[in-house]
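The structure displayed is predicted, hence computed values, not measured ones.
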Amino acid sequence: MKIFDVSLTGEFIVKASGDQSEKVDSLSLSNLDLLSGRFPVTYFYFYPKQPISSFESIFKSLKASLSETLNFFYPFAGQIVPNETSQEEPIIICNNHGALLVEAQANIDLKSLDFYNLDAFLKAKLVRVNPDFALQIQATEFECGGLAITFTFDHALGDASSFGKFLTSWSEISRNQPVSCIPDHQRNRLQARSPPRYHPLLDRTFIKCNEEEIKNIPTPKTLIKRLYHIDASSIDALQALATVNGESRTKIEAFSAYVWKKMVDSIESSHKTCKMGWLVDGRGRLEAVTTSYIGNVLSVAVGEATVENLKQNHVSEIANIVHKSISEVTNNTHFTDLIDWIESHRPGLMLARVVLGQEGPALVLSSGRRFPVAELDFGFGAPFLGTVCSTVEKIGVGYLNQRPSACNDGSWSVSAIVWPELAAALESDSVFQPMSAKHLQLQT
């Protein structure tokens with residue numbers, strides 16, 4: 001059996017094609033950008049062989065349409081550097097430095113790829129991270145003629161909603177469609193009140209830190225990166241299980257309750273409590289922000305429960321804790337307070353304490369139900385898989401990231417950065433199925 005390997009065949013710096021003189025010279029990060037952790041985030045998309053398009057013509061088309069897309073998303077072609085006035089806080093220089101576009105060849109067919117083992121994707125160089133570029137894209141052709149495209153963003157550029165809008169716009173431009181989102185780059189929308197004021201509970205959830213501390217987060221356990229398929233029937237069954245006395249729970253709340261209950265089987269007996277967190281988008285909740293705003297508008301909801309309760313309680317009771325924890329964050333007051341909390345602790349970077357690994361065993365879930373997957377057609381057909389991971393090596397918390405499957409049948413793909421015992425606990429029944437070529441209908 002061949003060892004999966006990827007060889008680099010070309011590197012290109014792609015700049016915005018239009019006149020940049022009207023654009024702002026630089027963008028200071030908003031308070032919520034300072035909470036992003038600067039973690040690199042990579043989206044993986046896989047496409048079947050196209051009978052009418054060669055890899056050469058696809059790559060040429062991606063290059064031209066990226067250049068046009070950067071006219072709308074000009075900060076993505078900039079550089080992120082330390083701010084001269086505050087070395088602790090980065091700034092985006094909008095100098096059309098360009099995005100890095102990499103061309104590569106894989107030595108195997110797509111159906112031979114181990115889709116379950118995301119570590120292998122990363123080790124085989126499906127993703128390369130060059131710190132000189134805030135946005136990097138790699139298009140890799142497989143021996144079967146299929147294609148992988150990976151998009152890696154510096155988190156200072158924005159959050160999943162921002163990156164989804166960028167990718168959607170790029171795919172629209174590639175297909176000569178009108179752009180559905182005119183991006184709003186006004187990061188000064190997220191202003192703190194004067195004087196700043198906030199609920200004291202935020203002191204227990206968030207902490208000031210620096211880039212060095214983020215790069216050297218203590219990781220007591222080795223983390224592994226995996227990809228799972230979750231059947232629609234499993235999701236529906238969990239939601240039915242979490243709904244009691246007519247009190248309905250969302251699919252994510254029900255899924256979270258199930259995962260949290262599983263998590264207790266994977267932690268050491270010395271821990272009496274464990275936490276779960278959820279990334280919450282402030283768009284539609286924070287009144288100052290438009291839906292087309294590009295930047296970070298994320299907070300973290302954190303729930304805590306005793307190991308004993310998680311073991312003994314029914315999924316519906318745990319789903320109630322999940323619902324309550326998330327509800328405390330999904331409102332304008334929370335986000336306004338969070339902006340003020342960050343203002344009171346500047347200059348510097350901030351993080352949720354759970355992410356820094358200071359809170360004992362914890363797992364954070366991010367839901368990408370609105371993130372484009374099947375829609376990401378760059379003019380050569382829809383992908384058969386779209387998911388997300390990170391090249392980050394050190395992180396103090398487990399992560400699950402949910403996406404709808406590309407086949408639009410109600411199933412999910414879930415990427416995981418977890419400790420091995422948690423992976424074993426999740427795989428102990430039929431809900432978390434290791435992703436395979438068969439799930440993706442690649443087997444002949």
Checking the side chain of [X] only, and the main-chain atoms of [Y] only, is there a donor and an acceptor separated by less than 3.5 Å?
{"X": "Q50", "Y": "P48", "result": "yes"}
{"X": "H323", "Y": "I326", "result": "no"}
{"X": "N313", "Y": "I318", "result": "no"}
{"X": "D340", "Y": "P196", "result": "no"}
{"X": "Q239", "Y": "R249", "result": "yes"}
{"X": "D33", "Y": "S30", "result": "yes"}
{"X": "N296", "Y": "H155", "result": "yes"}
{"X": "S169", "Y": "V179", "result": "no"}
{"X": "E213", "Y": "N210", "result": "yes"}
{"X": "R353", "Y": "D203", "result": "yes"}

Step-by-step side chain to side chain donor-acceptor pair (under 3.5 Å) determination, S428 to K262
CA-CA 9 Å; S428 63; K262 282 280 180 193; 2.9 Å; yes
Is there a side-chain contact between [X] and [Y] in this structure, where contact means two heavy atoms from C-beta onward sitting under 4.5 Å apart?
{"X": "T152", "Y": "T391", "answer": "no"}
{"X": "F44", "Y": "L227", "answer": "no"}
{"X": "L376", "Y": "Y47", "answer": "yes"}
{"X": "T168", "Y": "C181", "answer": "no"}
{"X": "L400", "Y": "L363", "answer": "yes"}
{"X": "R193", "Y": "D337", "answer": "yes"}
{"X": "Y228", "Y": "W412", "answer": "no"}
{"X": "L113", "Y": "F46", "answer": "yes"}

Could you give me the CA-CA distance, side-chain angles and deciding distance for S266 and W419, then say whether side chain to side chain donor-acceptor pair (under 3.5 Å) is met?
CA-CA 8 Å; S266 72; W419 50 97; 3.1 Å; yes
Between [Y] and [X], is the closest basic N to carboxylate O distance under 4.0 Å?
{"X": "D184", "Y": "R189", "answer": "yes"}
{"X": "D159", "Y": "K165", "answer": "no"}
{"X": "R346", "Y": "E343", "answer": "yes"}
{"X": "D109", "Y": "K111", "answer": "no"}
{"X": "K311", "Y": "D265", "answer": "no"}
{"X": "K2", "Y": "E143", "answer": "yes"}

Distance under 6.0 Å and angle within 45° of ring axis: R403 vs F371:
yes
Tell me, with the steps shown, if M276 and M263 meet side chain to side chain contact (heavy atoms under 4.5 Å, CB included).
CA-CA 9 Å; M276 192 156 179; M263 184 181 159; 5.6 Å; no
Answer yes or no: does atom [atom1] of [X] have more than 12 heavy-atom neighbours from other residues, nucleotides or ligands under 6.0 Å?
{"X": "K261", "atom1": "NZ", "value": "yes"}
{"X": "R369", "atom1": "CZ", "value": "no"}
{"X": "R175", "atom1": "CZ", "value": "yes"}
{"X": "Q105", "atom1": "CD", "value": "yes"}

Looking only at heavy atoms, which two atoms of S299 and H334 are closest? And how far apart?
OG-NE2, 2.6 Å
If you compare all heavy atoms of L385 against all heavy atoms of A406, which two are closest, and at what distance to 0.1 Å?
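Minimum heavy-atom contact is N-CB, 3.9 Å.
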Test applied, side chain to side chain contact (heavy atoms under 4.5 Å, CB included); reference residue, Y399; option that passes from V392, V388, V355:
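Among the candidates, only V355 passes.
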Looking at F73, F151, Y45, F72, which one forms a ring-ring contact (aromatic ring centres under 6.0 Å, His included) with W170?
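With W170 as partner, ring-ring contact (aromatic ring centres under 6.0 Å, His included) holds for just one option, F151.
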Any chance you could lay out the side chain to side chain contact (heavy atoms under 4.5 Å, CB included) test for K125 and D5, step after step, and finish with the verdict?
CA-CA 7 Å; K125 309 186 194 79; D5 192 39; 4.0 Å; yes
Determine whether H185 and Y74 satisfy the following criterion, ring pair (Phe, Tyr, Trp, His ring centres under 6.0 Å), listing intermediate values before the conclusion.
CA-CA 9 Å; H185 297 295; Y74 61 90; 4.9 Å; yes
Distance check, rounded to the nearest 0.5 Å: F206 atom CZ versus H345 atom NE2?
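Reported value, rounded in 0.5 Å steps: 11.5 Å.
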Using the rule given for side chain to side chain donor-acceptor pair (under 3.5 Å), can you reason through R128 versus Q138, listing the C-alpha separation, both sets of side-chain angles and the distance that settles it, and then say yes or no?
CA-CA 8 Å; R128 289 170 174 83; Q138 182 169 320; 3.1 Å; yes
Side chain to side chain contact (heavy atoms under 4.5 Å, CB included), that's the test. Do F335 and V289 meet it? Break it down for me.
CA-CA 11 Å; F335 278 92; V289 169; over 6 Å; no
Y43 and V41: CA distance, side-chain angles, deciding distance, side chain to side chain contact (heavy atoms under 4.5 Å, CB included) verdict
CA-CA 7 Å; Y43 298 93; V41 58; 4.0 Å; yes
In terms of the angle between their ring planes, are F121 and F4 parallel, tilted or perpendicular, with boundaries placed at 30° and 60°?
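Answer is perpendicular, since the angle exceeds 60°.
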W260 and W278 aromatic ring geometry - parallel, tilted or perpendicular at 30°/60° bounds
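The arrangement is perpendicular - the two ring planes meet at more than 60°.
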Before giving the answer on side chain to side chain donor-acceptor pair (under 3.5 Å), spell out for Q136 and N130 the whole-Å C-alpha distance, their side-chain angles and the decisive distance to 0.1 Å.
CA-CA 8 Å; Q136 300 162 67; N130 182 328; 5.6 Å; no
Walk me through it: do F432 and Y116 pass the test ring pair (Phe, Tyr, Trp, His ring centres under 6.0 Å)?
CA-CA 11 Å; F432 276 74; Y116 165 60; over 10 Å; no
